[in-house]
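For reference, the structure is listed below as structure tokens.
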There are 2 protein chains.
Amino acid sequence: MVTMRDVADAAGVSIATVSRVLNDTRPVNESAQRSVHRAVEELGYRRNLVASSLRRQRTRSVAAVVPHIANPYFPRLIQAIERGLAADEHQLLIADSQDDPAVERDRVAALADRQVDGLLLVPCHEHDSAASLEGLALPYVLVDRTIAGLAADRVGSDDVAGMRGVITHLRARGRHRLVFVGSAPDTSTARQRLEAFLAEVGPDAPILLGDYSLDWGRRAASMLLARAETGHDGLPDAVVCDNDLVAIGVVRGLRDAGVDLPRAVAVTGYDDVGFAEVCDPPLTTVHQPVDAIGQTAVRLLLERAGGEDPAPREVRLAPELVIRASTAGGGSR
Amino acid sequence: MVTMRDVADAAGVSIATVSRVLNDTRPVNESAQRSVHRAVEELGYRRNLVASSLRRQRTRSVAAVVPHIANPYFPRLIQAIERGLAADEHQLLIADSQDDPAVERDRVAALADRQVDGLLLVPCHEHDSAASLEGLALPYVLVDRTIAGLAADRVGSDDVAGMRGVITHLRARGRHRLVFVGSAPDTSTARQRLEAFLAEVGPDAPILLGDYSLDWGRRAASMLLARAETGHDGLPDAVVCDNDLVAIGVVRGLRDAGVDLPRAVAVTGYDDVGFAEVCDPPLTTVHQPVDAIGQTAVRLLLERAGGEDPAPREVRLAPELVIRASTAGGGSR
DNA sequence: GCCGAGTGGGAAAACGATTTCACCCGACGA
DNA sequence: TCGTCGGGTGAAATCGTTTTCCCACTCGGC
């Protein structure tokens, strides 16, 4: 390994001078600068960032912990984060909490041991994730979701507004028999979307809660069909889902059973993942400003990592209703 | 920050002893062990991995550089890699090369400066990516794709076999007028899939080359429709795509134009991303053993990082044809 | 000729761990 | 009684940087 020592020897100066030239921290004689640069070039010297980090007490690296990397919403978020960081010469370290608070806690601790300068956390649980941050001496920003009772920076979108927009839209299209299909409200976003639905439609509105998957959407569709069979009021005229994966599952489940979509039943999603647009019928959904969320989160975090210590900030970006064919046509009664 | 010095003082031993207890590198008196453990507990000591890395000359971290994190194939790969690494107490550092060899090169260099123990690279270009590895003194494994003329470990799947399987299947279903729609053969996988197609169907078989996106699939569909309009031989009876994104775009494009899928035209994809199954019609595609690819890549890399230096190994895992409705029904002539 | 200010540069002390080296002590065999 | 062997320990060197501290020199003004 080529070290600063080697460069210093080759350039005929001390390592202190090499460091000054490379970091431009103090004025150095022109000719010394030139010979240092030449030596660096000739020897192919590259700074060892581990040593640098140890001495400077900062690593220029940031950790991101997400519940499940493979879920289509997170890669886009990670992409935005990675770009924001790279623009500032920071490196991204990634961990997947596998939707398990215990794993999340381990991963956060391991990353803190690596002396990352900050943490971006998408908490996997509204309550249990609190333990992941306990006693952590590290700037962090919560992304997308919050943790109950924790005053911290958070960047996300306004889920109540988003869900209200969906319901307003459906009603304007003459849909009035709404069912909610979502994931269990273990996260702040799932809870808020559910609560917004109940607040708009009524506390006794029908809801089905499962997990965040295509398969759950399919099963929920069967449940709706079974319920319609056994009397009651037939199918709802709109199914409101709290994410796109579930919505697409519902669409498949209903279509496979021969239900006339979207005429008989409208379906809405949430998140606007890439496939929502090419689904058949294309899915009406709530677009999350995911680039802005990622970039803002990075900005807030780097501010804190840079020593600023403002009161906790809550940034709620406006989501946007994207109307597509899955809510076209009028209600059937 | 609590350092080993603090622990040593609290336990009444030297820092050397603390290190020995924590790393179990040399026998230490029982009672000393106990007091060290107690001190660690009481002070909440956590090892500083930056300092440890500097001294040990290894960071227990591995870098992964992928062309585009948000493309649905890569998150699954990253997930497999992350799990494999976490099981071995290694941390994953991620970078996105944005499909640009120059960016790729920068990112790889930045990661090497961080002294990662190894690199997993999905090269963004079959030729130009060679520059990213030039003069790199770091164990690496190529994942999914290869680089021309480079003898290195590589883990991927057998694209020729996969593409052959698709064509055999289509012919068995009576489809004989095949068109290939894919991305430009800048990567080894795209090239091999294209070449396998040409080898099977004939060197003059019709092909359309674009990029790796839904939108290109849609545009390709319009081109096929336009061509069919202007005389010639009408539409092909099967469209063979070199990835699922493009295939789904083609499906949408044809359906929107009123083409009867899959009766009139069969469409196949490649990769088996999650949405292939819920596409309408569900997409016949080639499933990549992505978990196995990720795990194997990690294993090979850690072997090399551990000091082994075998001859370059090429691991080609068998892909699997997944037959779904998009290739059902017989050809129309 | 002396002083103060301003440049430029090197030696050495950090940063926080791991590891080498040297040594002590008790037990054991001759 | 005398090596010597092995467990147990600590001081100090080490990893490769950054930064502090100090010194040497020049220049301008008196």
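Remember, predicted model here, so these are calculated numbers, not experimental data.
A donor-acceptor contact closer than 3.5 angstrom is absent between the side chains of B/T189 and B/D159. Side-chain atoms of B/N23 and B/R47 include a donor-acceptor pair closer than 3.5 Å.
Closest to the side chain of B/S52, out of C/dA17, D/dT17, D/dG8, is C/dA17. Distances were taken from every side-chain heavy atom of A/A16 (C-beta onward) to each of C/dT18, D/dG16, C/dG10; the shortest belongs to C/dG10. Residue B/A32 has its side chain nearest to D/dT9 when only D/dT9, D/dC21, D/dG16 are considered. The B/R47 side chain lies nearest to C/dA17 when the options are C/dA17, C/dA11, C/dG8. Among C/dA17, D/dA11, C/dC15, the nucleotide with an atom closest to any side-chain atom of A/L54 is C/dC15. In this structure, of C/dG10, C/dA17, D/dG10, it is D/dG10 that holds the atom nearest to the side chain of B/V13. Which of C/dG9, D/dT19, D/dG16 sits closest to the side chain of A/R26 comes down to C/dG9.
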Checklist entry - Yes or no on salt bridge (Lys or Arg N to Asp or Glu O under 4.0 Å) for B/R304 and B/D309, after CA distance, side-chain angles and deciding distance? => result CA-CA 6 Å; B/R304 261 185 211 285; B/D309 189 20; 3.0 Å; yes

Item to check | Test side-chain hydrogen bond (donor to acceptor under 3.5 Å, both in side chains) applied to A/S53 and A/Q115, step by step | outcome: CA-CA 9 Å; A/S53 296; A/Q115 313 295 116; over 6 Å; no

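Per the geometry, CG belonging to B/D113 stands 13 Å off C1' belonging to D/dT17, to the nearest Å. Between the CZ atom of A/R46 and the P atom of D/dT17 there is a distance of 12 Å, given to the nearest Å. Atom CD1 of B/I15 and atom P of C/dG16 are 11 Å apart (whole Å).
Mapping A/T25 and B/V28 onto DNA chain D by nearest heavy atom places B/V28 at the nucleotide closer to the 5' end.
In this structure, A/N23 reaches the D/dT18 phosphate: one of its side-chain N or O atoms is under 4.0 Å from OP1 or OP2. For C/dA11, neither phosphate oxygen OP1 nor OP2 lies less than 4.0 angstrom from any side-chain nitrogen or oxygen of A/S14. Note on B/S19: a side-chain N or O is less than 4.0 Å away from OP1 or OP2 of C/dT18. The phosphate of C/dG16 (OP1 or OP2) has a side-chain N or O of A/Q57 nearer than 4.0 angstrom. Put simply, A/T17 has a side-chain N or O that comes within less than 4.0 Å of OP1 or OP2 on C/dG10. Of the side-chain N and O atoms in A/R55, none sit less than 4.0 angstrom from OP1 or OP2 of C/dA14.
Summarising the geometry of B/A63 relative to B/L92, their closest heavy-atom pair is C-CD1, 4.4 Å, with the distance given to 0.1 Å.
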